[in-house]
Amino acid sequence: LGPRCVQYDAFGRCQYGIMCRFGKAHTDAEGTNICRPVEEGGVTEQIKINLLSKQVQFELRKNTWPFQTKRKGDNGNKGNKGGKGGKRGGKE
């Protein structure tokens, strides 16, 4: 892994501060998190990757999102709730 913090090298600031595994690479003697100086590139903004709304996240988590297939002759996910299928338990 090396002695350098990947977050600090990429963005100029590590969000984990002293809790980072490489905290000594981006903290001062008092333990304060430091940012990369402007002369060395400054701090760049991190890109947000979670672009789904809370409603869509909720529907995906509860398995209620209406997935639709584009296959010819397929009737969608008719009665399929995901999982391995089959019957639960032992005897009926």
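Atom set for the values below is all heavy atoms of this structure, side chains included, hydrogens, waters and symmetry mates excluded.
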> For Glu59 and Trp65, which heavy atoms make the closest approach, and how far apart are they?
Replying inline: OE1-CE3, 3.0 Å

> What are the two closest heavy atoms between Ile34 and Tyr8, and how far apart are they?
Replying inline: O-CE1, 3.7 Å

> Who pairs with Lys62 by side-chain contact (heavy atoms from CB on, under 4.5 Å), at least two apart in sequence or on another chain?
Replying inline: Phe58, Thr64

> Short question: side chain of Arg13, backbone of Arg36 - any donor-acceptor pair under 3.5 Å?
Replying inline: no

> Can you find a heavy atom in the side chain of Cys20 that is under 4.5 Å from one in the side chain of Gln7?
Replying inline: no

> How would you list, by chain and number, every residue that makes a side-chain contact (heavy atoms from CB on, under 4.5 Å) with Leu51, sequence neighbours excluded?
Replying inline: none

>> Looking at Cys14, is its backbone amide N or carbonyl O close enough to the side chain of Asn33 to form a donor-acceptor pair, meaning the two atoms are under 3.5 Å apart?
In response: yes

> Considering residues at least two apart in sequence or located in another chain, which fulfil the side-chain hydrogen bond (donor to acceptor under 3.5 Å, both in side chains) criterion with Glu30?
Replying inline: none

>> So, taking the atom named CG in Leu60 and the one named CD in Gln55, what distance separates them when rounded to the nearest 0.5 Å?
In response: 10.0 Å

> To which residues is Ile18 joined in a hydrophobic cluster, defined by side-chain heavy-atom contacts under 4.5 Å among Ile, Leu, Val, Met, Phe, Trp and Tyr, whether direct or through other members?
Replying inline: Met19

>> Under the rule for side-chain hydrogen bond (donor to acceptor under 3.5 Å, both in side chains), what residues qualify as partners of Gln15, not counting sequence neighbours?
In response: none

